[in-house]
Amino acid sequence: MLQVEGVTVRYGHVAAVREATLRVEAGELVTLIGANGAGKSTLLKAISGLLPLAAGEIRFEGRSLGNASARAVLTAGIAHCPEGRRVFPQLTVRENLDMGAYLRRDRVAVASDLREVFALFPRLEERRAQAAGTLSGGEQQMLAIARALMSRPKLMLFDEPSLGLAPTLVERTFEIVAEIRRRGTTVLMVEQNALAALGMCDRSYLLETGRIVQHGTGDEMLANPHIQKAYLGG
Amino acid sequence: MDQFLQHIVNGTILGGTYALLGIGLTLIFGIMRVVNFTHGELYAFGAYMAYLLVQVLQVNFFLSLVLAAALGVALGALIEFVLLRRLRGADIDTVMLVMIGAGIALQNFWQLAFSGVAKSINHPFPNLPLVFGPVSVAPIRIFVIIVAIALLIGFYLLINRTRIGVAMRASFQDPDVAALMGVNIPLMRTLTFGLGSGLAAIAGALLGPIFVVTPTMGDLVALKAFAIVILGGLGNIVGATIGGFVLGIVEEFGAGYISSGYRDAMGFLLIIVVLAFKPQGLFAAKERIG
């Protein structure tokens, strides 16, 4: 479904991601793990069209996304749930969700997706008229996920969905990611919490200083001595 | 007391056009983070276009106002497209210098094209004031305030109730994430600058028939628009609306009770007082909307 081939992304002269190659098949839940600053978020932003590629190629469903705009990537069916939630604080919950469906013209289907999203996150329905900035951190994360779902993506990119949340909410967030995949959306998730990320995924990639250094199924990665030592506290 | 009411009415009428200028400027600042030094020139442009259409081309007065506003939107969009789009990511000093230069160029162009002689614009309203008890108002001024209020309401609805308005506010709050939602940010910037400029142009076209039209008419008005934006809190549309009316009324009181020579000073005095006691602006604590 998604092929990233030899992608390099630079900030000025610094290459944050170097020659990264990965793939995600339809229906999979793939995670991208690694330490802070390893280039995980940068790679996601490059896929979403927020950062230009210095080299390499990104293909989605066989079509090149080259240096496509964020708008074109979204239209192709990739939604990005950004790091740190990034809800629009002064828009209401409902307006945030409307922004998620900004490019869609099929009003009837949008209305039914909105009902579905509210069924998944009843708290958001209760708070639909409230400014998003007044929500708790957990609620904001739910809103960020719901907003991304409103574009009805084929592939959903999650950037550190558990960041800064209380432990019970972290668990709940991962349950939701799993649920989204169960409902048929392919998932590529960046996550610092390697244990959780490896436990729930089909396959995973490990990024270190901008390079993909390991790759395998969740179980293979969990069993890898280097990963155990560096990322699982073993 | 009779005079008091008269001042309130005059101040409100003036304030309506100040509010139009203020929300145009605050919208551009809020969404684009650009301090628009051409705002006063767009105001003069609106007045000159009204002059050109009404006096020279003999176009219907009301149609001329609509056309002047539309031309203001077009000129604003052009300025954004030609100058600001190339300056994305440039530092704020560079952008300011370019905008100041553009303002100087535009003002001199008005002088070149229309000469320095003040122009007046005829309007179809009777000159005899309407008398309501102690208050008397020229019909053209009633027309101006009605149009201003209608535009303010329309603009408020556009920003708060439409898809494009929600996208504008989202772009203001987080342009990167708005782009992730599929918002065409460069287009949004052009649109915003055009709309803000159109509001300045219609303010000029509305006041042109009341005052006279000169190449430098935008100078003082631009300063006042900045004052309104500061008063209302940067980027706050409701604040700028209220700020416009407050400034209009304060100026009227200053002119009426102290001396008409102090009219323009009153507004700035007010700004100094507000900034001394509430430097974030009167409405900064409230939610910013635009």
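Below, all heavy atoms of this structure are taken into account, side chains as well, without hydrogens, waters or symmetry copies. Chain letters run A, B, ... following the sequence lines, proteins first and then strands; every chain starts at 1.
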Exercise. Are there residues of residues 140-149 of chain A that reach to under 4.5 Å of chain B by heavy atoms, and which ones?
Worked result: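 A:Arg147, listed by number.
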
Problem set entry | Interface residues of residues 23-48 of chain A facing chain B - non-hydrogen atoms under 4.5 Å apart |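 Within residues 23-48 of chain A, near chain B: A:Ser48.
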
Exercise. Do the numbers put A:Arg172 on top of the ring of A:Phe174, so that NZ or CZ is under 6.0 Å from the six-membered ring centre and no more than 45° off the axis?
Worked result: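 Because its charged atom misses either the 6.0 Å distance or the 45° angle limit, A:Arg172 does not stack over A:Phe174.
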
Any side-chain to backbone donor/acceptor pair from [X] onto [Y]? Under 3.5 Å, distance only.
X        : Y        : value
A:Asp106 : A:Ala109 : no
B:Gln173 : A:Gln90  : yes
B:Thr38  : B:Glu41  : no
A:Asn96  : A:Phe88  : yes

Exercise. Are B:Phe268 and B:Phe226 close enough that their ring centres sit under 6.0 Å apart?
Worked result: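 No; B:Phe226 has its ring centre 6.0 Å or more from that of B:Phe268.
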
For this session: Give the C-alpha distance, both sets of side-chain angles, the deciding distance and a yes or no for side-chain contact (heavy atoms from CB on, under 4.5 Å) between A:Val187 and A:Met200.
Result: CA-CA 11 Å; A:Val187 172; A:Met200 70 187 289; over 6 Å; no

Exercise. For atom CZ of A:Phe118, is the number of surrounding heavy atoms from other residues, nucleotides or ligands below 6.0 Å larger than 12?
Worked result: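 Yes, the 6.0 Å shell around CZ holds more than 12 heavy atoms from other groups.
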
So do [Y] and [X] actually touch side chain to side chain, heavy atoms under 4.5 Å?
X        : Y        : answer
B:Leu84  : B:Met99  : yes
B:Ile237 : B:Phe155 : yes
A:Leu135 : A:Val87  : no

Exercise. Hey, which residues of residues 189-198 of chain B are touching chain A, say heavy atoms under 4.5 Å apart?
Worked result: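 Under the 4.5 Å heavy-atom cut-off, nothing qualifies.
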
For this session: Might you point out which heavy atoms bring A:Pro161 and A:Met189 nearest each other, and give the distance in Å?
Result: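 Shortest heavy-atom contact: CG-SD, 3.6 Å.
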
Exercise. Partners of A:Arg182 by salt bridge (charged side-chain N to carboxylate O under 4.0 Å, His left out), sequence neighbours excluded?
Worked result: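 A:Arg182 satisfies salt bridge (charged side-chain N to carboxylate O under 4.0 Å, His left out) with A:Glu179 only.
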
